[in-house]
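Take a look at the structure set out below.
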Amino acid sequence: MKWVFISRMASRLKAEAIFILVFSGALMFDCLNPHTINPAEWILYTKYLVPIGMAVWLLFSFRLHLSLFASMPIHWIAMNDIIRNPQKIVFCQALIAFVCFFVLQMALAGIIAGAVVINYSAGWDLFAFLFPLYVIHFLLPFLWAWMIGLSTSAVYAYHSPKKAMLLVGVLVLWIIVLFSLEYRNPSFSLWVNHRWPYIDPLFSLTFQKERMLIKLAYILSSIAVYGVFRSMRRSFAGLAASAIFLTVATSFLQHAQSKFQLDDILLANDVKLYQQIKHQDQTKNIPLNGYWKIKEIEVNPKSTYPIKVTLSLHPKERTVRFSINEQFQIDHIQGGGKRLPFQQQGNVVQVETNGAPSMTIYYRHTFGSTFYPLTSGVTLLPFEANWYPQPVDSKLYYIDSSGTLHSNVETKTCTRVKMIVGKEKYRWRGDHPLCLSMINGPYKQIQVQHTRFLVYKPFLTTARNYMELKRQLVSIRNELCHVFPDLANIDYCTKEVKSVSIIPKSINTTNLSLYDSTVADGNYTFYIDPFLDVNGSPATKHIQELAAFFIPYRLFENERIGLFAGLYLMEKLHIPSIGYGNRIAEKSSIDSTAREHYMALSMKEKENILIQLVQERGRGDK
């Protein structure tokens, strides 16, 4: 009999079913846009698809369940003893309807994730990342609407239409309030320049579990309100109790949600950092005095002092000066059983040690900035960020003539690089300073041919593409070390490719810069702008071209050598171009005529020019 009821309901809901299919088709069409900038870009579309989808599914659920309940008058059947347990039949029918809804949503999630994976020539790892995103960002809100439609239709059928209208009115008004709180950012737009807040790793991809729990809490709150309306005979009492409950629930959930929404904090810290850099002395490489050695480093973002560094000191030293990244402020320094006086001016710290044998530096609790965040959900502290004391005064940030803030990640000479991935807490002890990186967040480690790839999840692709990138990095290394024999004296030519890290850039840096790469001890790092046309092909394809320009620049720290060597490598190694060479050239200070003249030369002439430039640079450094 239940199938008879279902067939009757299906005939009554033809228009609603067509409406659902049209919306689902529109959702897939938007999410499968082949011209995306980021594989997870369709998260942005929740800003308009979720409100529309919730309205569509709420209406459909209400009409479907109302038809179901009307087809099964439980009280009349029970009085006439026609069917035993009619409630069980209704429950089974509602369950079948829910299973159909759930299967449709799972199918949509699979189609969208699968199509994006195919579009980006990626593999299972990216699919496993995108599928849950659909569940969190689309399925849960639609499930919420489904439950509201179900509960409202139950009240309508078994209590009174008036009470049902009050219930749906309370819940819809509550949802509108929640959406207004969620979308209160006045700069919201669907255009490219406003995409980053919704697909950047710091803001959308880090706290997925927390976002899921918040949405589940909203669903449970709606079910609780339904229980209140059913249990209270007076509609006014149910209305008042529901309003009080939803007000308290909203306040609590908004407070909980604010704990992992870092937009305002990180961006405010970016502004502070910009002002700090703007007004500080831009002199580079000031020799720092004082004999000291790092003995211990402790990182714990949840601690009152998220970074602690212990230094051993020479007992005859009365003053120590060292350099750290200026975005990290020191709270206090303890040594010899008492607090030591210090001054922190920009990236230089001076401490009056008064002969103490050691001292511990306590960093002030901060979320950092979008450049190098330090939170319980995402930690990006690469060794090149100078986040722990350094013996030389390296300026990490600078502002160019156009007012743009750059992060000039200077390559260090590292005899040993230690990379800690996926750990929130970590402590290092030793006698020799090392290049230490702490990375935690939406990253995945992949082992490919004895090389560890650390990849930001939306950049995930197939193992074949990682192998191709590694081969290209080896080819670039072999060619550069052949053209420039003097490079044999550094570890770049002798070290195998141990690791390749592909990390998204900060949103406040320029989208393309020669500084966006480091090479040390066989560890390669590439900072990629998620919106730098990383679409239609995996990020590894883009890095192949970028590496041809980035690596020579970092080896010689010379703009002309970096550009000309990149052009030479592109032609010699037949690296497919996506157009980054032209963009880098346009941003450089090199005259276009000189570049065109260089391009017209033969390969041997290009090589000779490069050798000459390196020799001139060597003479200039003496």
Side-chain angles (χ1 to χ4, degrees), residues 201-202 270 273 277 284-286 288 294 297 299 307 309 322-328 346-349 363 368-374 378-398 405-421 426 428 432-441 443 452-456 473 477 490-492 495 497-506 508-510 512-529 543 546-547 549-558 562:
L202 299 182
D270 283 352
L273 180 63
I277 304 300
K284 291 189 175 182
N285 298 324
I286 302 173
L288 302 180
I294 297 178
I297 299 176
V299 179
I307 299 177
V309 183
F322 56 83
S323 173
I324 64 169
N325 186 324
E326 47 264 69
Q327 82 168 44
F328 298 106
N347 64 324
V348 176
V349 181
Y363 286 46
S369 71
T370 61
F371 293 91
Y372 301 109
L374 175 61
V378 56
T379 299
L380 180 59
L381 298 175
F383 68 86
E384 61 265 21
N386 295 348
W387 57 277
Y388 49 86
Q390 304 295 326
V392 294
D393 181 17
S394 299
K395 301 292 185 181
L396 186 63
Y397 307 104
Y398 78 96
L405 183 64
H406 295 260
S407 177
N408 179 15
V409 178
E410 296 188 2
T411 304
K412 294 187 180 67
T413 301
C414 291
T415 57
R416 186 162 62 100
V417 174
K418 189 174 184 65
M419 186 180 297
I420 308 301
V421 180
Y426 179 75
W428 172 86
H432 303 285
L434 76 166
C435 293
L436 178 63
S437 296
M438 291 283 301
I439 299 177
N440 180 36
Y443 301 95
R452 178 173 66 169
F453 283 82
L454 177 66
V455 187
Y456 167 52
L473 293 176
R477 182 194 65 193
I490 64 174
D491 64 5
Y492 173 67
K495 297 287 186 179
V497 182
K498 296 179 182 178
S499 72
V500 179
S501 300
I502 306 175
I503 297 173
K505 293 186 64 173
S506 165
N508 281 330
T509 54
T510 181
L512 185 61
S513 171
L514 287 170
Y515 305 127
D516 294 339
S517 177
T518 62
V519 182
D521 189 35
N523 295 273
Y524 294 70
T525 302
F526 297 97
Y527 294 90
I528 306 299
D529 183 351
I543 292 174
L546 292 171
F549 295 91
F550 289 169
I551 292 176
Y553 174 79
R554 299 325 308 240
L555 291 176
F556 299 103
E557 297 290 343
N558 182 281

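In what follows, every heavy atom counts, from backbone to side chain, and hydrogens, waters and symmetry copies are set aside. These numbers were taken from a predicted model, which means no experiment stands behind them.
- With sequence neighbours excluded, the residues satisfying side-chain contact (heavy atoms from CB on, under 4.5 Å) with Ser499 are Met419, Arg452, Asn523.
- When all heavy atoms are compared, the tightest approach of Glu326 to Gly346 is CB-O, 3.4 Å.
- Leu473 contributes atom CG, which lies 8.5 Å from atom CD1 of Ile543 (distance to the nearest 0.5 angstrom).
- With a 4.5 Å cut-off on side-chain heavy atoms, Ile528 and Tyr456 do not count as touching.
- If you run side chain to side chain contact (heavy atoms under 4.5 Å, CB included) between Tyr388 and each of Ile324, Ile307, Ile294, Leu381, only Ile294 comes through.
- Residues that satisfy the ring pair (Phe, Tyr, Trp, His ring centres under 6.0 Å) test with Phe549, not counting sequence neighbours, are absent from this structure.
- Between atom CZ of residue Phe526 and atom CG of residue Leu546 there is a gap of 8.0 Å, rounded to the nearest 0.5 Å.
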Arg554 and Val519: CA distance, side-chain angles, deciding distance, side chain to side chain contact (heavy atoms under 4.5 Å, CB included) verdict: CA-CA 8 Å; Arg554 299 325 308 240; Val519 182; 5.6 Å; no

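- Taking each heavy atom of Ala547 and Pro552 in turn, the nearest pair found is O-CD, 3.7 Å.
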Candidate pair Asn347 and Tyr397, rule side chain to side chain contact (heavy atoms under 4.5 Å, CB included), full reasoning: CA-CA 10 Å; Asn347 64 324; Tyr397 307 104; over 6 Å; no

Side chain to side chain contact (heavy atoms under 4.5 Å, CB included) assessment of Leu374 paired with Trp387: CA-CA 11 Å; Leu374 175 61; Trp387 57 277; over 6 Å; no

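- Considering every non-hydrogen atom in both Gly522 and Tyr524, the closest pair reads O-CD1, 3.7 Å.
- Between Ile551 atom CD1 and Thr518 atom OG1 the span is 10.0 Å, to the nearest 0.5 Å.
- Residues forming a salt bridge (Lys or Arg N to Asp or Glu O under 4.0 Å) with Asp521 (at least two apart in sequence, or on another chain): Lys495, Lys498.
- Between atom OG of residue Ser501 and atom CG of residue Leu380 there is a gap of 9.5 Å, rounded to the nearest 0.5 Å.
- Between the CG atom of Asn386 and the OG atom of Ser323 there is a distance of 6.0 Å, given to the nearest 0.5 Å.
- Taking every heavy atom of both residues into account, Asp491 and Ala520 meet most closely at OD2-C, 4.4 Å.
- When the side-chain contact (heavy atoms from CB on, under 4.5 Å) test is applied to Ile420, the partners found at least two apart in sequence or on another chain are Lys418, Lys423, Tyr426, Leu436, Met438.
- For Asp516, the side-chain contact (heavy atoms from CB on, under 4.5 Å) test picks out Lys505, Ser513, Tyr527, Phe550, with sequence neighbours left out.
- Residues passing the ring pair (Phe, Tyr, Trp, His ring centres under 6.0 Å) test with Tyr363: none are found, sequence neighbours excluded.
- Annotation: the span from Ser407 atom OG to Asn325 atom CG amounts to 8.0 Å, rounded to 0.5 Å.
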Side chain to side chain contact (heavy atoms under 4.5 Å, CB included) between Leu396 and Tyr372, intermediate numbers included: CA-CA 12 Å; Leu396 186 63; Tyr372 301 109; 3.7 Å; yes

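- In terms of modelled atom types and a separation under 3.5 Å, the side chain of Ser437 and the main chain of Phe383 share a donor-acceptor contact.
- Aromatic ring pairs are classed by plane angle as parallel below 30°, tilted from 30° to 60° and perpendicular above 60°; the pair Tyr515 and Tyr553 is perpendicular.
- In this structure Phe322 satisfies the ring pair (Phe, Tyr, Trp, His ring centres under 6.0 Å) test with no other residue, sequence neighbours excluded.
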